[in-house]
Amino acid sequence: RKEVEQDPGPFNVPEGATVAFNCTYSNSASQSFFWYRQDCRKEPKLLMSVYSSGNEDGRFTAQLNRASQYISLLIRDSKLSDSATYLCVVNGDSNYQLIWGAGTKLIIKP
Amino acid sequence: EAGVAQSPRYKIIEKRQSVAFWCNPISGHATLYWYQQILGQGPKLLIQFQNNGVVDDSQLPKDRFSAERLKGVDSTLKIQPAKLEDSAVYLCASSYGRGTRETQYFGPGTRLLVL
């Protein structure tokens with residue numbers, strides 16, 4: 001089992017729809033969780049950190065499920081500009097090591 | 001505020017040649033990372049520096065890859081000799097601290113093609 005697993009997609013979603021994707025992780029002791037966004041041929045950029053209580057930033061909601069060891073990202077009222085690859089990042093065994101998922105590609109269609 | 005700078009942006013070399021990449025992190029950032037990202041995959045950490053010391057280089061292929069950050073600021077990553085499978089984007093990132101809760105800021109990357 002990979003340390004961090006994501007559905008590669010692509011998710012093809014019409015503009016205005018709600019889309020959600022999950023990321024599973026193998027280390028039950030992980031404490032730090034993030035979603036990064038990577039546009040085509042660009043560098044990754046932090047979208048949001050994921051807190052134990054869940055957190056929301058505008059149209060984006062991130063949740064953590066420790067029991068089942070996954071984090072989720074929900075995008076409401078999707079925009080064309082949301083088209084990107086979403087990378088899940090989880091800390092590894094040490095307190096400075098981060099493990100990156102392969103990313104989920106999202107395509108928003110007009 | 002200036003972001004992470006990398007050069008060159010693109011490089012094409014033949015296998016068995018050498019290549020070097022340069023990175024200048026955000027001013028004041030103590031931690032610097034080099035990642036390799038192969039098409040369709042997530043970034044893979046090659047090496048992490050805290051100031052001028054190595055924190056983690058467990059995934060660096062040390063027989064051909066080397067990196068240094070001599071003065072604790074900018075850094076170079078070298079591949080010698082290059083193999084076809086080294087074709088990838090090499091991303092440099094920096095963060096203020098080294099803990100896993102730190103936001104990493106990435107440079108635009110260097111796209112390497114090995115023929």
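In what follows, every chain begins at residue 1, and chains take the letters A, B, ... in the order their sequences are listed. Here the structure is a predicted model, which means the values were calculated and not measured.
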A.B. asks: For Asp39(A), run the salt bridge (Lys or Arg N to Asp or Glu O under 4.0 Å) check against Lys42(A), Arg41(A), Arg37(A) and tell me which one passes.
C.D. replies: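 Only one option passes, and that is Arg37(A).
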
A.B. asks: Looking at Val55(B), Thr31(B), Leu91(B), Asp56(B), which one has more heavy-atom pairs under 4.5 Å with chain A than the rest?
C.D. replies: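 Among Val55(B), Thr31(B), Leu91(B), Asp56(B), the one with the most close pairs to chain A is Val55(B).
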
A.B. asks: Heavy-atom distance under 4.5 Å to chain B: side chain of Phe33(A), backbone, both or neither?
C.D. replies: neither

A.B. asks: If we define contacts as heavy-atom pairs under 4.5 Å, which of Cys88(A), Ser49(A), Pro44(A) has the most with chain B?
C.D. replies: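 Looking at each of Cys88(A), Ser49(A), Pro44(A) in turn, Pro44(A) comes out on top.
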
A.B. asks: If you count heavy-atom pairs under 4.5 Å with chain A, which of Phe106(B), Tyr33(B), Tyr35(B) comes out on top?
C.D. replies: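 Between Phe106(B), Tyr33(B), Tyr35(B), the count favours Phe106(B).
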
A.B. asks: So does Gln63(A) have more than 12 non-hydrogen atoms from other groups sitting under 6.0 Å from CD?
C.D. replies: no

A.B. asks: Which one, Gly107(B), Gly40(B), Gly97(B), leads in non-hydrogen pairs under 4.5 Å with chain A?
C.D. replies: Gly107(B)

A.B. asks: Is it the side chain or the backbone of Gln31(A) that comes within 4.5 Å of chain B heavy atoms, both, or neither?
C.D. replies: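 For Gln31(A), heavy atoms of backbone and side chain both lie under 4.5 Å from chain B.
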
A.B. asks: Is Gln48(B) in contact with chain A via its backbone, its side chain, both, or neither, using a 4.5 Å heavy-atom distance?
C.D. replies: side chain

A.B. asks: Can you confirm if the aromatic rings of Trp34(B) and Phe65(B) lie within a centre distance of less than 6.0 Å?
C.D. replies: no

A.B. asks: Taking only residues two or more places apart in sequence, or in another chain, which ones meet Thr110(B) in a side chain to side chain donor-acceptor pair (under 3.5 Å)?
C.D. replies: none

A.B. asks: If the threshold is 4.0 Å, N to carboxylate O, is there a salt bridge linking Lys62(B) and Asp57(B)?
C.D. replies: yes

